[in-house]
Novice: 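Structure incoming, see below.
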Amino acid sequence: MRSLMCLFLMLAFAGNAKAEEMVSIGSFEIDRTEVTISAFREFIDATNTTTSAEIAGGGEVYESGWVQKPGWTWRTPFGLPASDTEPAVHVTFEEASAYCAWRGKRLPTDAEWVEAAYTERRISPPAPFEPGVTYPYPTGMSPEGANCLEGCGASPAIDVSAVMRRGTGYAPAGTTRPGVNGLYDMGANVWEWTENGASGQKTTRGGSWWYGPRQMHRDHITTKPAGTAVVYVGFRCARSL
């Protein structure tokens, strides 16, 4: 059943946003979707990189405290076969930075990510978005349309609840409803790394499928150790114009 669902979502994604497509926001541009397993694999194969989660034998998930999950890596995020369109997770801040640099990009600064996620910069955006308006959520005035734990409505999430103690799981990149600036999943799905200076604690933005709408709000700020490699943290890239 899961393989059939993945195939359907892969076909839907093929006619939707592309993983490497970027959106211009003033002086920078940012990926329209979260970086996918397929895109990340290209980097891994080209650079012969082994991620820290792979070296450790698996990434982590929070159960009764942080628990390492053998075999849970970017290739098999939940220890199960994954489709190419699923977001790449179990990736540390440094690994995400290296990927973006390999693409000729970089991680977005925290200020850039916030600008792109909450303030509509399109000249003629589709309703209900309006030019110049700063919204409380990346989906607009409400969290509806995101893939979060509760309070966001239905989503095309891949159900991996059988191996999780919380939540349903993430949705393939570009399959939820587009939000502010036509970007996908700036709210929920997976947390996203941002660059916020030299500190060993790096900001993650947007919340995830693990949490409800509160973590999606523009005022919510969370940091994690840069070496964190967990099932609900991914990323997207940016580039200066």
Side-chain angles (χ1 to χ4, degrees), residues 13 16-55 59 73-75 77 82 84-118 121 138 170 172-174 178-208 221-241:
F13 176 77
N16 211 326
K18 302 301 181 183
E20 293 305 306
E21 183 182 356
M22 303 190 80
V23 174
S24 295
I25 312 287
S27 63
F28 69 97
E29 55 185 355
I30 192 167
D31 289 347
R32 190 178 294 275
T33 72
E34 293 158 338
V35 172
T36 64
I37 288 175
S38 176
F40 195 70
R41 182 184 296 112
E42 293 176 359
F43 160 71
I44 294 293
D45 291 346
T47 61
N48 198 31
T49 295
T50 303
T51 64
S52 62
E54 291 173 292
I55 293 171
T73 70
W74 69 269
R75 299 177 189 273
D84 283 351
T85 58
E86 294 177 33
V89 295
H90 298 296
V91 177
T92 68
F93 176 88
E94 291 83 0
E95 291 157 357
S97 296
Y99 168 88
C100 291
W102 180 76
R103 290 287 187 192
K105 306 177 186 181
R106 55 176 173 75
L107 285 175
T109 67
D110 195 62
E112 287 173 338
W113 196 99
V114 170
E115 169 78 5
Y118 299 106
R121 294 304 184 192
Y170 53 49
V180 174
N181 292 309
L183 300 171
Y184 289 86
D185 298 315
M186 295 291 272
N189 216 37
V190 296
W191 289 103
E192 298 183 14
W193 290 114
T194 68
E195 175 57 77
N196 62 338
S199 171
Q201 290 281 330
K202 294 297 183 180
T203 302
T204 54
R205 286 283 187 173
S208 75
I221 302 174
T222 300
T223 63
K224 298 175 179 64
T228 298
V230 299
V231 73
Y232 56 65
V233 178
F235 69 104
R236 74 182 72 211
C237 303
R239 182 165 52 206
S240 299
L241 293 174

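Since the model is a prediction, treat every value here as computed from it, not as a measurement.
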Novice: Under 4.5 Å between any side-chain heavy atoms of E34 and V190, yes or no?
Specialist: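 Result yes, sub-4.5 Å side-chain heavy-atom pair found.
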Novice: Would you call T194 and V114 a side-chain contact if the rule is heavy atoms closer than 4.5 Å?
Specialist: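 They are not in contact (no side-chain heavy atoms under 4.5 Å apart), so the answer is no.
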Novice: If you define the side chain from C-beta out and look only at heavy atoms, does anything of E86 sit under 4.5 Å from Y170?
Specialist: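 In contact.
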Novice: Do C237 and V35 come within less than 4.5 Å of each other through their side chains, counting heavy atoms only?
Specialist: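 Answer yes - side chains close enough.
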Novice: What pairs with S24 under side-chain hydrogen bond (donor to acceptor under 3.5 Å, both in side chains), at least two apart in sequence or on another chain?
Specialist: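 With sequence neighbours excluded, S24 shows a side-chain hydrogen bond (donor to acceptor under 3.5 Å, both in side chains) to no residue whatsoever.
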Novice: Using the test side chain to side chain contact (heavy atoms under 4.5 Å, CB included), find all partners of E115 that sit at least two apart in sequence or belong to another chain.
Specialist: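 E115: side chain to side chain contact (heavy atoms under 4.5 Å, CB included) contacts with I25, F28, T119, R121.
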Novice: Would you please name every residue forming a salt bridge (charged side-chain N to carboxylate O under 4.0 Å, His left out) with E95, sequence neighbours left out?
Specialist: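 For E95, no residue satisfies salt bridge (charged side-chain N to carboxylate O under 4.0 Å, His left out) once neighbours in sequence are set aside.
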Novice: Does N181 have any side-chain hydrogen bond (donor to acceptor under 3.5 Å, both in side chains) partners at least two apart in sequence or in another chain, and if so, which?
Specialist: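 Applying side-chain hydrogen bond (donor to acceptor under 3.5 Å, both in side chains) to N181 gives none.
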Novice: Without swapping roles, check the side chain of R205 against the backbone of A117 for a donor-acceptor pair under 3.5 Å.
Specialist: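 No; zero donor-acceptor contacts below 3.5 Å.
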Novice: Return the CG to OG1 distance between D84 and T36, rounded to the nearest 0.5 Å.
Specialist: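 Going from the CG atom of D84 to the OG1 atom of T36 covers 7.0 Å.
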Novice: Residues two or more places apart in sequence or in another chain: which of them pass side chain to side chain contact (heavy atoms under 4.5 Å, CB included) with V230?
Specialist: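 V230 satisfies side chain to side chain contact (heavy atoms under 4.5 Å, CB included) with E60, W66, T228, Y232, V233 once adjacent residues are dropped.
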Novice: State which residues pass side-chain hydrogen bond (donor to acceptor under 3.5 Å, both in side chains) with S199; sequence neighbours excluded, sorted by chain then number.
Specialist: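 Here no residue qualifies.
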Novice: Consider ring-ring contact (aromatic ring centres under 6.0 Å, His included). Of W191, W193, Y99, which one does F235 pass it with?
Specialist: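 That would be Y99; it is the only one of W191, W193, Y99 passing the ring-ring contact (aromatic ring centres under 6.0 Å, His included) with F235.
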Novice: Under the ring pair (Phe, Tyr, Trp, His ring centres under 6.0 Å) rule, collect the residues that match up with W74, sequence neighbours excluded.
Specialist: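 Once residues adjacent in sequence are excluded, the partners of W74 under the ring pair (Phe, Tyr, Trp, His ring centres under 6.0 Å) criterion are F40.
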Novice: Using the side chain to side chain contact (heavy atoms under 4.5 Å, CB included) criterion, which residues pair with S97? Sequence neighbours excluded.
Specialist: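 Partners of S97 by the side chain to side chain contact (heavy atoms under 4.5 Å, CB included) criterion, ordered by chain and then number, come out as F93, L107.
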Novice: Are W113 and M186 close enough that some pair of their side-chain heavy atoms sits under 4.5 Å apart?
Specialist: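 A side-chain contact under 4.5 Å exists here.
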Novice: Using side-chain heavy atoms (C-beta onward) and a distance below 4.5 Å, is M22 in contact with L241?
Specialist: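 Sidechains of L241 and M22: no contact.
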Novice: With sequence neighbours left out, which residue pairs that include part of residues 188-198 fulfil the salt bridge (charged side-chain N to carboxylate O under 4.0 Å, His left out) condition?
Specialist: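 Applying salt bridge (charged side-chain N to carboxylate O under 4.0 Å, His left out) to every pair that reaches into residues 188-198, excluding sequence neighbours, yields E192-R236, E195-K202.
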Novice: Side chain to side chain contact (heavy atoms under 4.5 Å, CB included) with I55: which residues, sequence neighbours excluded?
Specialist: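 So I55 forms a side chain to side chain contact (heavy atoms under 4.5 Å, CB included) with T50.
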Novice: If a pair satisfies salt bridge (charged side-chain N to carboxylate O under 4.0 Å, His left out) and one of its residues is in residues 44-54, list it, with sequence neighbours excluded.
Specialist: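 Of all non-adjacent pairs touching residues 44-54, those that pass salt bridge (charged side-chain N to carboxylate O under 4.0 Å, His left out) are E54-R75.
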Novice: Taking side-chain hydrogen bond (donor to acceptor under 3.5 Å, both in side chains) as the definition, give me every residue that meets it alongside T47, ordered by chain and number, with sequence neighbours left out.
Specialist: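 Per chain and number, T47 pairs via side-chain hydrogen bond (donor to acceptor under 3.5 Å, both in side chains) with T49.
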Novice: Between W102 and E42 (side chain of the first, backbone of the second, donor and acceptor by atom type, cut-off under 3.5 Å), is there such a pair?
Specialist: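 Not at all, since once roles are kept as given, no pair shorter than 3.5 Å links the two residues.
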Novice: Do P178 and R32 come close enough that some side-chain heavy atom pair is under 4.5 Å?
Specialist: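 No. Closest side-chain heavy atoms not under 4.5 Å.
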